[in-house]
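Below is one structure, written out as structure tokens; the observations come after it.
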Amino acid sequence: MIGWRWAAARLGGTVLTLFGVTAVVFIVLRLIPGDAITAALGIESGALTPAQRAALEYQYGTDRPWIVQFADWLGQLLRGDLGLSLTSGKSVGGLIAAALPVTVELAVLAAAMGTVTGVALGVLAGSGPGRARDSVTQGVTLVGLAVPEFVLGTTVVVLLAEAFGYFPDTGTFVPLTESLAGNLSQLMYPALVLAVGFAANVVRATRSEFVEIAEADFVRTARGKGLPAARVRLAHILRNAWVPIVTLTGIQFGYLLGGTVIVEHVFALPGMGRLLYTAISDRDYPVVQGAVLVIAALFVLINLATDLVYRALDPRTRAS
Amino acid sequence: MALTQTHKRVGIPGLAACLAAGLALALTACAPAGSGKDAKGDAAPGKFVVARTADIDQLDPHKATAFQTIATLGLVYDRLVTVDKTGRLTPGLAEKWTAEDGGRTLTFTLRKGVTWHDGEAFDSADVKASLDRILEEKTGAVARSNLTVIDGVDTPDATTVKLNLTRPSTALLYALTSVNAAILDEADIEKDTVGKEPDGTGPFAWKSWNQGQNVTLTGNPKYFGGAPAIKTLEFRTIPAESSILAGMKAGAFQLGLLSDPSVAQQATGNDAFRLVKQPSLAYHALMLNGRKGPLEERAVRQAIACAIDPGQVVQTAAYGDGAATGPITSPAYRYSTTEGLPCTPGNAQQAKDLLAQGGHPDGVTLETIVMTDGYSTAVAEAQNVQAQLAKIGVKLELKQLTTAPYVKAWVAADFDAAIALNGGSYDPYLMYGRYFTDGGSLAKAAGLDSPKISELLARGDEATDDATRQATYKELQRELLTESPWAWMSQSADYYLVGTGVEGFEARPDQALSSLASAKNAG
Amino acid sequence: MSSVLRVEGLRTAIGDVEIVRGVGFAVAAGETLAVVGESGSGKSMTALSIAGLLPRGGRVVGGEVLLEGRDVLALPEARRRAVRGAEIGMIYQDPMTSLNPLTRVGAQVAEGLTAHGWTKVRARSRTLEVLAEVGLPSPAAIARLYPHQLSGGMRQRVLIAAAIAPRPKVLIADEPTTALDVTIQQQILDVVARLRDEYGLAVVWITHDLGVVARIADEVLVMYAGRAVERASVRPLFAAPAHPYTAGLLRSIPTPATVHRGALPQIGGIPAAPSGLPAGCPFAPRCPQRIGRCEHEEPPLTDRSPGHAACWVSPEHWAGEAR
């Protein structure tokens, strides 16, 4: 089932992928205009004397040739050290360790809600194509896909404040381990906003898979045995539709991880999206490199998990 | 029969959909009730929350330039001298100061009994160490170029600091009021913990920094200006201004800082807070590169300055929030904003005549850089200015750039014109010395060499009496308008959302939040 | 003989087009009726109409399907579902796609039982029993396999097992051997024949292959353009077809006499399409026996002893018929 060779091949591929990703990010970061100094000082950087500029570059470590910087960073990485933030001096590993759980939890909540709702609505629509419930569901889905997260998120925040006098308290992020209620009260609304777009995609995929598979020969066989409609839908149609839905969910989840930045912005959540965005604006190279590496690794992991789920769901993919 | 059939068809999938929706609704219902701890009037007494869009970016006051960093560190660290919001110098860590030797020696008498947050005693050695640190090139201190007039720092005794200057300078005193000239503990400088563990003498002591989330300060009961009523001061980072507005409406914050006029527009008619609009020292201008092309002709530059009606720009870009201004924005130096211009701003005919006078009756084309991601009104301003100038045949080719390329082009004067929001100061020399004096650090971007302006700046700064200084700077303003190296448009406006229970908060043109030292939240 | 299944005047449409235009027959217990025709003749649709498995857009627009005297078409859906599978079983043309690829085959047999009230335990033991009856070795092991682990012939046996497990009265077979190779075909035919005898099933066997008809049918129904054109017992049909279409079909079967003589005789022209049928007999354009009346009036099924045929011209009057 899962052979050593397969695992070794995957591992090798993963390492290569991650290396490639970090190399590209490293180069691109240094190619885009501006550095930590202009980001921090703005036009004031024009007032620096050459000696001052040299001193700052030395501090930031950006005065050395790129290849040296990269080798240094890789060396640190292999020792498990992601370096220090150029702006705050704090450990990059620490910053990521604080921001990652926020984003992961947000993504998991959004994906879970989105998948459950999306599949349910997709089956609802797909089981009666062309009927009222199909048209209504498709209409709602279209709205869900079309409304940008920024608009939806801002609307939610404003609505909560105006109508309920409520603002999701995000002074300090409450981790799951500390308080479930506190944690959920901070994450539920942003997760809902993300879940809308996620669900919309799942609805579309589920519905179209469902409609297609409903015409399959084995579904006719199932009906021919006199099975109740619900059983046909779940055990036969949905059971076979799962595979593409799982694949879609896996890919979407990966994107969700990197794409929570807008929702984190509107709801003031200290997640990876915000961390990366701020670090890129500040040209805080160690933070960007570290964060991208972690996200890429997660993406690869998710792909792997999706593959494993795929294999578990579909017996035809298991090597005999 | 049809109904039961449909009912059966909907069955399990329908149920699941209802469950999912129900879950979401249930959480909606319980969340507002559950987390009401920040609802109106429930804030813990002595706790004060300030919401703003950006987090501080570092902890070293000598290197900070971001306004939110300066505002925060300005509550932790003190300076030798402070300035009130009318622009008058007031005692800080120095109780009094005298100028001798024709202004070439400044002697400061320091307060007694001041302690650092970590308990150590403050004395003149700290002042010397701080000033030396700024002056040392390898520190990369921002204020250095403003303090180069200092020749040497002496500390005859624990409460006296003597500065020897190369020439008299009023600007120096104002430079010393900047957070960039904050006084640090000598021990911290030696231990190199500056920028890692903030330790000051100010009204608030450093407690914690959750990067990206919030900064927490605690009231300093031993503060020489009196213990603050606020026990815990939290600066919370809420990146979206609309979310800050929402939070104020919900009573989650006591103070909200906004800069986007379109959000501020919505901040009216609410009894949870009041909106305060404060003109800032910063100014919007169209900078011109007078060192090349048609802009070398003064008449052409004047034509441009004359064609722009600042009122229109402000109306379009900022809903009218922001007064038209001349070069000097300090409340201590108020002069006519148009005297010196050979026209009435906004008069297209006069502008056209000037253009013809300058030898370009058919107009000119100017490559204009605009920063898109720095502040919210840049592009709207640029487009309005472009429209106004089009009326006299001056065509602005707008190059919209993000911060990094904009800064690069600005610093290298790689533009014909630039839409700019430049920081201001209470002191005119600090404002323009770097641009318009010989060898000034930003002379390149200034786009003009004028010995007369340079001389006026120097004369104003070296003047030892008020009357001379005022007269000189009045002439400076006139000369700047006449030479029109830039077209000055308006003063920026800052917006403060002040919670209803807050007493004692005062907005300032320099965006400092120093009044928090004596403000309180009456709930 | 009393019939288990009687169909009268069945009419089925897909969208606006009638695919089955009035078909009737009866099958007794233990008897096999073969329904023969080319593609487009409506034979599959007839079978699906009886089982209630029409595709989206299809509906029965007329007629009766009487199962032991009860009209199945008039039942509410809930009751029809109870009939489907438990009393009318069906097997299909393509065994490669007719099983759920993600479920073990044993479960797929058992679910057809538990859906009709069998307990899990009894369903399981019946599953093993029926897998053995269709000739599969080691039923317990086979039951745990997934469809992709079985050959086409084995899959078809599983499908047969699933169809007969609930002991239905009627078995409808829609070309179950078309997709299998000839040797397997014979095995399947044997299995079905044996089960028919053991269970006393009334079997309706849809096919386009006259060779199959010859081997298993008791009665034959020949369909063309949605209607029955001939109905007779198998031997008389083969010996003396009473409809020109049937005669044409029989002539195109290769015999030792004809096999080396170049091209096989074909029925000229193409099968009539269900929409846009001409007035009169739909076979007329291709019929060597047509007369003027054929182009105006569609002939009903008339007695042409020993069977029935829908043709205006009785066989004695056929022109140029060589035997």
Side-chain angles (χ1 to χ4, degrees), chain A residues 1 119 123 125-135 206-247 307-320, chain C residues 44 47-48 50-57 77-105 107-117 144-149 155 158-159 162-166 168 171-172 174 179:
Chain A
M1 253 239 295
V119 169
V123 170
S127 58
R131 302 165 89 102
R133 65 183 193 258
D134 183 24
S135 315
T206 305
R207 182 204 173 273
S208 86
E209 280 303 317
F210 201 89
V211 166
E212 207 185 291
I213 293 175
E215 298 298 309
D217 285 345
F218 66 85
V219 173
R220 182 196 50 196
T221 307
R223 286 168 55 212
K225 289 190 254 192
L227 301 184
R231 186 171 168 87
V232 174
R233 276 198 205 117
L234 295 177
H236 290 269
I237 303 180
L238 193 57
R239 178 78 176 76
N240 276 270
W242 264 134
V243 173
I245 293 172
V246 162
T247 315
D307 260 0
L308 287 173
V309 171
Y310 190 96
R311 291 166 93 85
L313 279 181
D314 189 340
R316 293 171 289 185
T317 56
R318 297 175 206 160
S320 41
Chain C
S44 271
L48 294 174
I50 298 170
L53 291 176
L54 288 171
R56 204 153 22 111
E77 176 58 25
R79 305 291 310 283
R80 279 210 80 171
R81 191 178 68 68
V83 165
R84 214 183 291 136
E87 296 184 58
I88 300 178
M90 189 156 172
I91 57 180
Y92 313 89
Q93 184 168 331
D94 190 350
M96 304 306 272
T97 57
S98 291
L99 285 169
N100 185 337
L102 304 184
T103 322
R104 298 181 208 268
V105 301
Q108 295 192 46
V109 176
E111 71 177 344
L113 296 167
T114 53
H116 294 287
R144 287 189 54 74
L145 293 179
Y146 289 93
H148 67 276
Q149 294 169 297
R155 288 190 219 192
V158 169
L159 282 161
I164 57 142
L171 178 69
I172 304 177
D174 185 1

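Protein chains get the first letters and strands the later ones, always in sequence-line order, with residue 1 at the start of each. Worth knowing before you read on, the calculation uses all heavy atoms, side chains too, and leaves out hydrogens, waters and symmetry mates.
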(message) Between A:Val219 and A:Val232, is there a side-chain heavy-atom distance shorter than 4.5 Å?
(response) yes
(request) Grab the two heavy atoms, one from C:Ile172 and one from C:Ala47, that are nearest each other, plus how far apart they are. (result) CG2-CB, 3.6 Å
(request) Heavy atoms only: give me the nearest A:Pro315-C:Leu102 pair and the separation to one decimal. (result) CD-CD2, 3.5 Å
(message) Need one label for C:Leu54: side chain, backbone, both or neither, based on atoms under 4.5 Å from any heavy atom in chain A.
(response) backbone
(request) Name the option with the most non-hydrogen atom pairs under 4.5 Å to chain A; the candidates are C:Pro55, C:Pro101, C:Ala162. (result) C:Pro101
(request) For residues A:Val211 and A:Gly126, report the shortest heavy-atom separation together with the two atoms involved. (result) CG2-O, 3.7 Å
Quick one: donor-acceptor pairs under 3.5 angstrom, chain A versus chain C?
residue	atom	partner	partner atom	Å
A:Glu215	OE2	C:Arg56	NE	3.4
A:Asp217	OD2	C:Thr97	OG1	2.6
A:Phe218	N	C:Thr97	O	3.1
A:Thr221	OG1	C:Ser98	O	2.8
A:Gly224	O	C:Gly85	N	3.4
A:Lys225	O	C:His116	NE2	2.8
A:Lys225	NZ	C:Gln108	O	2.5
A:Lys225	NZ	C:Glu111	OE2	3.3
A:Gly226	O	C:Arg81	NH1	2.7
A:Arg231	NE	C:Glu111	OE1	2.8
A:Arg231	NH2	C:Glu111	OE1	2.8
A:Ala235	O	C:Asn100	ND2	3.3
A:His236	ND1	C:Asn100	ND2	3.2
A:His236	NE2	C:Glu111	OE1	3.1
A:His236	NE2	C:Glu111	OE2	2.7
A:Arg239	NH2	C:Leu102	O	3.3
A:Asn240	ND2	C:Asn100	OD1	2.8

(request) Can you measure from OG1 (A:Thr206) to CD1 (A:Ile245) and round to the nearest 0.5 angstrom? (result) 3.5 Å
(message) Only pairs of heavy atoms separated by less than 4.5 Å count here; which of A:Gly226, A:Ala222, A:Ala235 has the most with chain C?
(response) A:Gly226
(request) Please name the pair of heavy atoms, one in C:Ala163 and one in C:Pro168, separated by the smallest distance, quoted to 0.1 Å. (result) O-CG, 3.4 Å
(message) Using heavy-atom distances under 4.5 Å, tell me whether C:Leu48 contacts chain A through its side chain, its backbone, both, or neither.
(response) side chain
(request) Side chain from CB out, backbone as N, CA, C, O: work out which of these in C:Leu99 comes under 4.5 Å of a heavy atom of chain A, or both, or neither. (result) backbone
(message) Going by the rule side-chain contact (heavy atoms from CB on, under 4.5 Å), which residues pair with A:Ala214 if we only count those two or more places apart in sequence or in a different chain?
(response) A:Ile237
(message) Less than 4.5 Å to any heavy atom of chain A: does that hold for the side chain of C:Leu113, its backbone, both, or neither?
(response) neither
